[in-house]
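So you know, we letter chains A, B, ... as the sequences are listed, proteins then strands, and number each from 1.
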There are 2 protein chains.
Amino acid sequence: MSETSSGTVAERISRLFETLTHAERKLSNVMLENYPVSGLGTITALAETAEVSAPTVARMARKLGYGGFPELQTALRTELEATLSSPIAKHDSWAANAPDTHILNRFAEAVTDNLRQTLQQLDLEDFDAVVDLLSDPSRNIYVVGGRISRSMADYLFTHMQVIRDRVTLIPPNSNTWPHYVLNMTEGDVLVAFDIRRYEHDTHRLAEMATEQGAQLVLFTDQWGSPAARHASHGFRARIEAPSAWDSSVVIMFILEALIAAVETERWEETRDRMKTLEQLFDRTKLFRKFT
Amino acid sequence: MSETSSGTVAERISRLFETLTHAERKLSNVMLENYPVSGLGTITALAETAEVSAPTVARMARKLGYGGFPELQTALRTELEATLSSPIAKHDSWAANAPDTHILNRFAEAVTDNLRQTLQQLDLEDFDAVVDLLSDPSRNIYVVGGRISRSMADYLFTHMQVIRDRVTLIPPNSNTWPHYVLNMTEGDVLVAFDIRRYEHDTHRLAEMATEQGAQLVLFTDQWGSPAARHASHGFRARIEAPSAWDSSVVIMFILEALIAAVETERWEETRDRMKTLEQLFDRTKLFRKFT
DNA sequence: TTCAGAATGTAGCATTATTTTCAGAGCAAA
DNA sequence: TTTGCTCTGAAAATAATGCTACATTCTGAA
């Protein structure tokens, strides 16, 4: 079944993707992005959209097992006809060829529900306020996670570290926490993750930090962590999933939106820092060669 | 509102139908019959299907208010595009009370697009095969991430560690990697994350691991990492976001779905392990009290 | 760094599609 | 039947599309 010359255009692209070159991949993405309409215009139009040359498109058509671009177009039209004539069918399931009951589809359903519900009740003023806090270069930012949410904390830390100075990741081992609290002062920000099962230690840390005058930004689930009473700002994400575990996808989503917003807020500095970082990486690479 | 030059192609045809000539009516019927696909081929093909001449088709396009046949085709494609993308429920906006342009809404749009497109081209056989690999207790599992994707690796590791034995998280420092490769044997599994910018070291690790007989499961982006050539199974996630960074949300999604599937596969063992884990946590807590 | 080989784009050409021109067919009215 | 009109399609002219050959650029290995 792995023959080149069978299946829909999209399938063939996916199947051959590994063997495609840089320009061809760029083209593939454009074709799949607005499938199949983007492939129904002229070869020139498609080439321009994908920012590749027309011959590249023609070569790709060959690679996919068609005699040429027009032949590929005919295939697209045939597919489209079949799709349109079959009743609703369309977006019943997310993953193609998978039954609705496949874990991927059930997960997709759950996650988009979570996302919708979370956004519905998310307080925009809170969001913007947190962006301001995190953008303020005079504040120290501390990030801490729990047993599972540690990865989220880590993710936020990695990105914030690029964007700005004075960001600290507090390690998961709660023995060391007092040392960090010791350094917190009025106006500092503690970003904490506390998803069920809520961790007693996190609660304590929040308490101590706010007593030191730090502001608490709390990420929690729809039931709300007990630490919430100390929080100046909080995000309650829905985390339900068809699994024994909770889903962190929505949390990740909010994090990324936050990061993007902070980044925009301080774009000048961020850009400079990113540039410098690139250079430093290059030098590291060079350094390695001589080791 | 009865102007010729407005509305969809179908609407215009209906509106003008009475004024159309014999040959033009024959043509109209063909066009409406298999709308809009029949109009997307060449003018000659359409003419032949309708058993009229090509000039008739061109004249008709003019009558409908278009500059020529190609212009009519463009209109058809635009309509089609709108039709195909709208069933996916154009959410007016995700976050209540926020303008569409708020970063949260733009992000939500991008992420759901990413999710949809990723699932569309995701290979289910690959997915199921990876679930089998990760469920097989006789294999050692190694997990490794890059500079950013490290958090993803960490997240997977944390969960897999609960579910099963013999899971190792390879640290980000590539100096130590050979030590890990040394231990890999036939049938072991290396789960690697390589999102752009692709890291040369990761590529090398993949190479060495597969030479040792390990199977490579690779998470990458839509452009595909160079390490993919060594991969037995791969997931290509779309990572575009309205930000200077890429979005890891879809990767996280796939991870969670994988984890849920593996968990289901070996539910008996997982349940026992989770129960034991709970008890261990309780004892840790107790232990603390006396410290 | 240098070099070979692959990948990509440019330019021109062959092909195909579209439009225009024009002659003939059909039809209604005188 | 004739006349004049519109409609229609054949064929030529024009425009565009898509393909091939070749030059340039890029990439990766030595």
Check: T8(A) main-chain N/O paired with E11(A) side-chain donor or acceptor under 3.5 Å: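 A pair under 3.5 Å: yes.
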Test item: R139(B) side-chain N/O and D188(B) main-chain N/O as donor-acceptor pair under 3.5 Å: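 Absent.
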Name every donor-acceptor pair, under 3.5 Å, that has one atom in a side chain of residues 228-235 of chain B and the other anywhere in the protein, sequence neighbours excluded.
{"unit_1": "S232(B)", "atom_1": "OG", "unit_2": "Q215(B)", "atom_2": "OE1", "d": "3.3"}
{"unit_1": "S232(B)", "atom_1": "OG", "unit_2": "L216(B)", "atom_2": "N", "d": "3.1"}
{"unit_1": "S232(B)", "atom_1": "OG", "unit_2": "L216(B)", "atom_2": "O", "d": "3.4"}
{"unit_1": "H233(B)", "atom_1": "ND1", "unit_2": "D126(B)", "atom_2": "OD1", "d": "2.9"}

salt_bridge(R106(B), E109(B)) N-O dist < 4.0 Å: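 No, R106(B) and E109(B) are not salt-bridged.
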Say whether [X] and [Y], considering side chains only, have a donor N or O and an acceptor N or O under 3.5 Å apart.
X: D154(A); Y: S151(B); value: yes
X: T158(A); Y: R150(B); value: yes
X: Y35(B); Y: E79(B); value: yes

Along DNA chain D, first and last positions that approach a heavy atom of chain B under 4.0 Å: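 First and last nucleotides in contact are dC7(D) to dA11(D).
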Full working for side-chain hydrogen bond (donor to acceptor under 3.5 Å, both in side chains) between Q117(B) and R238(B): CA-CA 7 Å; Q117(B) 286 178 37; R238(B) 290 193 70 100; 2.8 Å; yes
Geometric cation-pi criterion, R166(B) with Y142(B): 6.0 Å, 45°: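 Because its charged atom misses either the 6.0 Å distance or the 45° angle limit, R166(B) does not stack over Y142(B).
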Within residues 67-79 of chain A: residues closer than 4.0 Å to DNA chain C (heavy atoms):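 The stretch gives none, as no residue of it lies under 4.0 Å from the strand.
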Close residues, residues 203-211 of chain B, relative to DNA chain C [heavy-atom separation under 4.0 Å]: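 Output list: empty, so none.
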Close side-chain approach of F157(A) to V162(A), heavy-atom, < 4.5 Å: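 Result no, sub-4.5 Å side-chain heavy-atom pair not found.
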Ring pair (Phe, Tyr, Trp, His ring centres under 6.0 Å) involving F69(B) - partner list, sequence neighbours excluded: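 Checked F69(B) against ring pair (Phe, Tyr, Trp, His ring centres under 6.0 Å); zero matches.
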Minimum heavy-atom distance between R12(B) and L64(B), given as atom pair plus value: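 Scanning both residues completely, I find the closest heavy atoms to be NH1-O, 2.8 Å.
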Nucleic acid footprint by protein, nucleotides 5-10 of chain C - heavy-atom cut-off 4.0 Å, B for base, S for sugar-phosphate alone: --SBBB
